[in-house]
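So the structure is just underneath, and the comments pick up after that.
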Amino acid sequence: MGNKKIPNHSDNSVTNLALDTINLGKQAIVFANTKRSAEKAAEEIAKSIKVGNADLERISDGILNALSRPTKQCERLAYCIKKGIAFHHAGLVSKQRELIENNFRNGLIKIICATPTLAYGVDLPAFRVIIKDLRRYSPRGLAWIPVLEYLQQSGRAGRPKFDKTGEAIAIAGSEGEKNKIYEMYILGEPEDIYSKLAVEPVLRTYLLSLIAADFTRNKSQIMDFFERTFWAYQFRDFGKLEMIISKMLDLLEEWEFIARKKNEFRDADKFENEEIRATVMGKRVAELYIDPLTAFFIISCLRNASDKKINEFSLLQMACHTLEMRPLLRVGAKENEKIQEELIKHESFLLEHEPSMYEPEYDDFLNSIKTALMFIDWTDEKDEEFLLEQYNLRPGELRVKLDNADWLLYSSEEISRILHYQSLIREIAKLRLRMKYGVREELLPLLRLEQIGRVRARKLYNNKIKDIGDVKKADFLKLVQILGEKVALNVKKQVGEEIKEIPSGKRKGQISLVDY
DNA sequence: GGACGGTGAAACTTCAGGTTGCCTC
DNA sequence: GAAGTTTCACCGTCC
């Protein structure tokens, strides 16, 4: 706790500290507790900076055009970057994050205002770390962040190769808060670390993979293994631990992921050494690395799907109603009615049993509906800006969700394979492709071409070029008009047509195009 | 008298992030 | 718990 006066440029202490850092010719990372707060802090600092330069303009351009259409978030970030300031959180697309990280490393970007992502993921040291607020929202109101997290964040201060020292600065709102921070974080001890194995989904997953990998073949071997884990060391009560594992083994057997070899003369002693093996399904589930409970849920949904009419909503809602898809989009109070209405429209396509409105899990169920509807919009070619406005879902968060959904759909595909549900396999594969590109089914043939994504495929389609055959037949000049010369050349090449000389004569604008 | 618009206070809403899988249709 | 957003009552103005 030094006693240094920082010049006042504005009435905002974070902005003052940031400007002071820049004046020293150094860089800083500001940690905020929410995405919004990080964005605002960056914007505040950017506003009080006048100058920019050509390099920053170039980076700003890259940030703005990371997506096919810039979102409000892209615009806001691009504005900050022009002044050498950035915000950084999980809502950004990886291309934007990379641009920020690289240009912070090379010194062009001076200040990054970030959520805790930056403290864990990437190695980005700065001369100064400014922690805007050491409290964070929790279900029980605002809570102080763990000491471990404070250490993680302040540990980013000081660049080993460039500075002899670093400064970590925590902002206090009052004298009382200052003392609290000093005692809790500067003098305080970091918290104990607890084993994550105690969480049921994790335990289930590891138990199944132990068996599936043939690492343990009977219950005593299993117990032997778990007794030597950190979890058991912390848990201490081996009796209770054995009960938990027994129960879980029963469940895995009931779900038919494992089988116990039945001895003819079974008695209590032998029970312990009874051979336990994973079933074919159990083995695959372990490889797919999904929670066995999720796998069981998917299997029952797919069984329902095999003898009824399904659509993309059926499969997406199934994927959304799993632990792996969390956190789901939340249904707000005002939206409740709207989502219920949508649910009624899609109700007959549900694969799971719909919980009653009065059951506690109903909220979660509705959230899964909303999340599935968001995916439906994505596969209906709505872009990132639309999803941001409609669902308050940022582009980077969309990517994470799409990735998770793909993993679950792939798993469903694999499970369908084992269950010999041929038509389901095809349906799921098609849906995965549509999710990857965010397109309606009609564009799928065109997406097989390199350099053709959702935007160009849609342009082609609207100009009546609907499949590979149409691309072959299409007039080259028309393709140039739609795709630009380079892409058109490449595309023609891909369908086996080498264009040697670019026909001249006709000039742009002579062919009328549908652009949309 | 009523439609319209501006204002501010009250009510309401929202709030970090990341690991896993596989190959392509 | 705090900041941002929406809602709504209230008031003044204009036609």
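Reminder, nothing fancy here: chain letters follow the sequence lines and each chain counts from 1.
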Can you name the salt bridge (Lys or Arg N to Asp or Glu O under 4.0 Å) partners of [X], sequence neighbours left out?
X: A:Glu361; answer: none
X: A:Glu397; answer: A:Lys35
X: A:Asp383; answer: A:Arg69
X: A:Lys473; answer: A:Asp470

Worksheet item: What residues in residues 359-378 of chain A put a non-hydrogen atom under 4.0 Å from any atom of DNA chain B?
Response: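 Nothing qualifies; none.
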Practice prompt. Output every pair passing ring-ring contact (aromatic ring centres under 6.0 Å, His included) with a member in residues 391-448 of chain A, not counting sequence neighbours, ordered by first then second residue.
Written response: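 Output for this query is empty, none listed.
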Item to complete: If a pair satisfies ring-ring contact (aromatic ring centres under 6.0 Å, His included) and one of its residues is in residues 357-379 of chain A, list it, with sequence neighbours excluded.
Response: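 Those involving residues 357-379 of chain A are A:His321-A:Phe365, A:Tyr362-A:Phe365.
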Distance in angstrom units between [X] [atom1] and [N] [atom2], rounded:
X: A:Lys40; N: C:dA2; atom1: NZ; atom2: P; value: 14 Å
X: A:Glu39; N: C:dA3; atom1: CD; atom2: P; value: 16 Å
X: A:Glu414; N: B:dT20; atom1: CD; atom2: P; value: 18 Å
X: A:Lys283; N: B:dG21; atom1: NZ; atom2: C1'; value: 17 Å
X: A:Leu142; N: C:dG1; atom1: CG; atom2: C1'; value: 5 Å
X: A:Leu134; N: C:dG1; atom1: CG; atom2: P; value: 17 Å

Discussion item. Taking the side chain as everything from C-beta on, heavy atoms only, tell me whether A:Asn33 gets closer than 4.5 Å to A:Lys132.
Written reply: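 Result no, sub-4.5 Å side-chain heavy-atom pair not found.
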Between protein and nucleic acid, restricted to nucleotides 10-18 of chain B and to nitrogen or oxygen atoms under 3.5 Å apart, what atom pairs and distances do you find?
unit_1	atom_1	unit_2	atom_2	d
B:dA16	OP1	A:Lys35	N	2.8
B:dA16	OP2	A:Lys35	NZ	3.4
B:dA16	O5'	A:Asn33	O	3.4
B:dA16	O5'	A:Lys35	N	3.4
B:dG17	OP1	A:Ala90	N	2.9
B:dG17	OP1	A:Thr115	OG1	3.0
B:dG17	OP2	A:Lys35	NZ	3.1

Worksheet item: What salt bridge (Lys or Arg N to Asp or Glu O under 4.0 Å) pairs are there with at least one residue in residues 405-416 of chain A, not counting sequence neighbours?
Response: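 Qualifying pairs, neighbours excluded: A:Arg284-A:Glu414, A:Asp406-A:Arg432, A:Glu413-A:Arg417, A:Glu413-A:Arg432, A:Glu414-A:Arg417.
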Item to complete: Enumerate the residue pairs fulfilling salt bridge (Lys or Arg N to Asp or Glu O under 4.0 Å) with a member in residues 319-331 of chain A, sequence neighbours excluded, ordered by first and then second residue.
Response: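 For residues 319-331 of chain A: A:Arg326-A:Asp364.
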Discussion item. Using a 4.0 Å heavy-atom cut-off, does A:Asp291 contact any base of the nucleic acid, only the sugar-phosphate backbone, or nothing at all?
Written reply: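 If one applies the 4.0 Å heavy-atom cut-off, A:Asp291 turns out to touch nothing in the nucleic acid.
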Discussion item. Please list all pairs meeting side chain to side chain donor-acceptor pair (under 3.5 Å) that have one or both residues in residues 447-457 of chain A, counting only residues at least two apart or in different chains.
Written reply: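 Sorted result for residues 447-457 of chain A: A:Gln451-A:Asn490.
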Worksheet item: Mind checking whether A:Tyr206 and A:Tyr289 have parallel, tilted or perpendicular rings, split at 30° and 60°?
Response: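 Rings of A:Tyr206 and A:Tyr289: perpendicular, over 60°.
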Discussion item. Both distances below 3.5 Å, Watson-Crick or wobble geometry, any strand: find the nucleotide opposite B:dG8.
Written reply: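 Partner of B:dG8: C:dC8.
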Worksheet item: When you compare B:dA16 with C:dT5, how far apart are their P atoms, in angstrom units rounded to a whole number?
Response: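 Per the computed distance, 14 Å lies between those P atoms.
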Shorter than 3.5 Å, N or O on both sides, protein versus nucleotides 22-24 of chain B: list them out with atom names.
unit_1	atom_1	unit_2	atom_2	d
B:dC22	O3'	A:Tyr410	OH	3.1

